[in-house]
Amino acid sequence: MTEALSAATLAAPPLASLRGVSKFYDNGVEALRDVDLDIRAEEFLTLLGPSGCGKSTILRLIAGLEAPSAGGLTRSFSAGSVGFVFQEPTLMPWAKVFDNIFLPLRLAGQSRGKAAPAVEQALTLVGLGGFQNAFPNELSGGMKMRVSIARALAPRPSLILMDEPFAALDEITRFQLNDDLLRLRRETGATIVFVTHSIFEAAYLSTRIAVMGPRPGRIAAEIDAAAPRETGNFRASPAFAALCEAASNALHRAMGEEAP
Amino acid sequence: MSAAAAPPPLLVLAGTLALWEVLVRASGTPPYVLPAPSLILETLASDRAILFPALLVTLGATLQALAAAVGGGVALAVLFAQSKWIERAFLPVAIVLQVTPIIAIAPLLLVYLDSREATLACAFLVAFFPILSNTALGLASVDRNLVDLFTLYGASRWRMLILLRAPSALPYFLAGLRIGGGLALVGAIAAELAAGASGKGAGLAFRIVEAGYRLNVPRMFAALLLICLSGVAIYASLAALSDLLLGRWRDVLARR
Ligand SMILES: Nc1ncnc2c1ncn2[C@@H]1O[C@H](COP(=O)(O)OP(=O)(O)OP(=O)(O)O)[C@@H](O)[C@H]1O
Ligand SMILES: [Mg+2]
């Protein structure tokens with residue numbers, strides 16, 4: 001199977017596009033300077049960079065949770081068709097798994113009965129069928145993260161933003177969820193923007209990697225990662241090693257050279 | 001059930017009462033100095049026509065004031081959550097009321113209000129603040145990410161309040177309610193004592209003051225016993241209520 005994007009996809013207008021975007025927070029921190037970035041339909045874009053380089057800020061800008069201080073931001077997806085997965089599961093502890101996943105549909109005005117199939121389907125997609133009635137604190141960390149992903153999937157978004165979703169998990173669970181994520185992407189066709197600190201995770205998942213540098217946050221390099229992927233042992237392939245090396249070199253350069 | 005399996009607090013209590021009884025009898029202490037527990041129980045039974053109506057008065061005032069404090073405290077906390085400006089304007093007033101000892105306010109209130117109203121006002125004033133401050137804290141300490149999530153999905157302020165802030169604040173509110181419940185009784189008693197000193201009133205504390213004037217020490221103890229049991233009952237029922245409402249996610253506060 002090849003992960004290369006079709007010509008039609010590349011020609012389609014980007015889902016979101018940032019042009020010369022800068023972001024200052026109220027306390028005067030310059031989180032981003034002059035960022036140009038397109039989110040293309042159906043891609044898996046990873047933002048890779050050190051802590052504090054503005055990765056979360058970019059996600060929040062795309063989600064519409066922050067406004068840029070300067071520059072242009074266009075978003076060509078409708079308000080209801082974006083999902084967000086945070087570093088922590090961010091579930092409502094008082095609500096059962098079903099109600100947590102039902103939340104986006106509920107806020108969109110759907111009735112419980114009408115939403116039930118979508119909720120169950122989302123749960124099955126993340127491998128948690130049958131856990132509707134559990135409370136979040138009865139689940140393991142990995143299971144909570146799956147619920148969080150199911151919640152993002154339930155309204156069938158065209159774009160899913162994921163902010164270091166697996167950072168708090170052990171490596172075994174993380175590998176499992178990485179594979180699940182690739183499968184979900186094939187099954188749902190969603191575009192994913194993913195944030196991570198991990199070069200290996202970025203190389204394993206992405207079709208494109210944007211390497212970011214700090215102080216102020218900016219995009220230092222873009223790496224095309226749409227390499228062919230033999231499912232199963234991609235982590236052992238030379239292509240994977242080459243990607244990791246390229247990402248690692250770009251990251252070192254980005255961190256070495258500070259912007260004026 | 002064997003004695004060893006009985007909960008230790010009950011054993012301690014039973015032991016203390018038994019010792020009290022024995023010491024009073026052995027030393028021949030007169031009842032107007034220290035009545036034996038058995039005499040206190042007897043007095044409770046024989047004076048029930050005086051004591052139980054008084055109990056109802058005190059409990060009624062406490063519960064009404066607590067209900068008002070819940071309504072007022074929660075409403076103000078919700079207002080605080082809507083606007084920092086309102087919070088900055090009203091919080092100092094609430095704090096000033098809180099830090100002024102109620103026992104000092106009670107006689108003043110009795111100048112303007114009759115003893116029943118003054119009792120209600122005092123109980124309300126002391127119960128109000130812990131409910132307000134706990135609920136406000138709960139409404140404010142919502143998971144930032146959940147707020148973002150609700151915003152992302154276009155939730156209105158109102159739905160955010162009902163679906164997110166209210167359930168997040170529930171454990172905090174219940175903690176405030178347990179404190180407020182105990183304090184409401186303290187406030188009611190304080191007002192009744194002040195009223196009793198001026199020869200008015202009908203509550204339990206008034207009966208204590210009155211019995212004190214007559215050196216009827218067994219009745220003082222009997223009334224005190226009723227107050228103590230009321231406090232325990234209020235605390236136990238509020239704790240049961242909070243277990244019922246929090247149910248399976250009770251440990252969420254402990255894990256934060
Ligand atoms: N709400 C805020 N108010 C003020 N400054 C902020 C805010 N959010 C982020 N910042 C600052 O903006 C910069 C970028 O933050 P951001 O969270 O986007 O970084 P990040 O790349 O996601 O970091 P991490 O990998 O640690 O999550 C940081 O210096 C941070 O301190
Ligand atoms: Mg971040």
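Reminder, nothing fancy here: chain letters follow the sequence lines and each chain counts from 1.
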4.5 Å side-chain heavy-atom contact, B:Asp143 and A:Met92: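 Contact flag for B:Asp143/A:Met92 side chains = no.
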
Can you check whether B:Leu246 reaches A:Trp94 side chain to side chain, under 4.5 Å on heavy atoms? no

Within a radius of less than 6.0 Å around [atom1] of [X], do more than 12 heavy atoms belonging to other residues, nucleotides or ligands occur?
| X | atom1 | value |
| --- | --- | --- |
| A:Arg174 | CZ | yes |
| A:Arg75 | CZ | yes |
| A:Glu171 | CD | no |
| A:Tyr25 | OH | yes |
| A:Asp26 | CG | no |

State the [atom1]-[atom2] distance between [X] and [Y], to the nearest 0.5 angstrom.
| X | Y | atom1 | atom2 | value |
| --- | --- | --- | --- | --- |
| B:Asp148 | A:Leu65 | CG | CG | 5.0 Å |
| B:Leu149 | A:Leu91 | CG | CG | 9.5 Å |
| B:Met160 | A:Leu107 | CE | CG | 9.0 Å |
| A:Phe84 | B:Thr151 | CZ | OG1 | 11.5 Å |

What are the two closest heavy atoms between B:Arg159 and A:Arg106, and how far apart are they? NH1-O, 3.2 Å

For residues B:Tyr153 and A:Gly83, report the shortest heavy-atom separation together with the two atoms involved. OH-CA, 3.9 Å

Using heavy-atom distances under 4.5 Å, tell me whether A:Ala108 contacts chain B through its side chain, its backbone, both, or neither. neither

For A:Arg60, is it the side chain, the backbone, both, or neither that has a heavy atom closer than 4.5 Å to a heavy atom of chain B? side chain

Run the salt bridge (charged side-chain N to carboxylate O under 4.0 Å, His left out) test against B:Lys84 and tell me which residues pass, sequence neighbours left out. B:Glu87

Would A:Gln87 and B:Asn145 satisfy side chain to side chain contact (heavy atoms under 4.5 Å, CB included), going step by step from the backbone distance to the final call? CA-CA 9 Å; A:Gln87 179 168 346; B:Asn145 286 339; over 6 Å; no

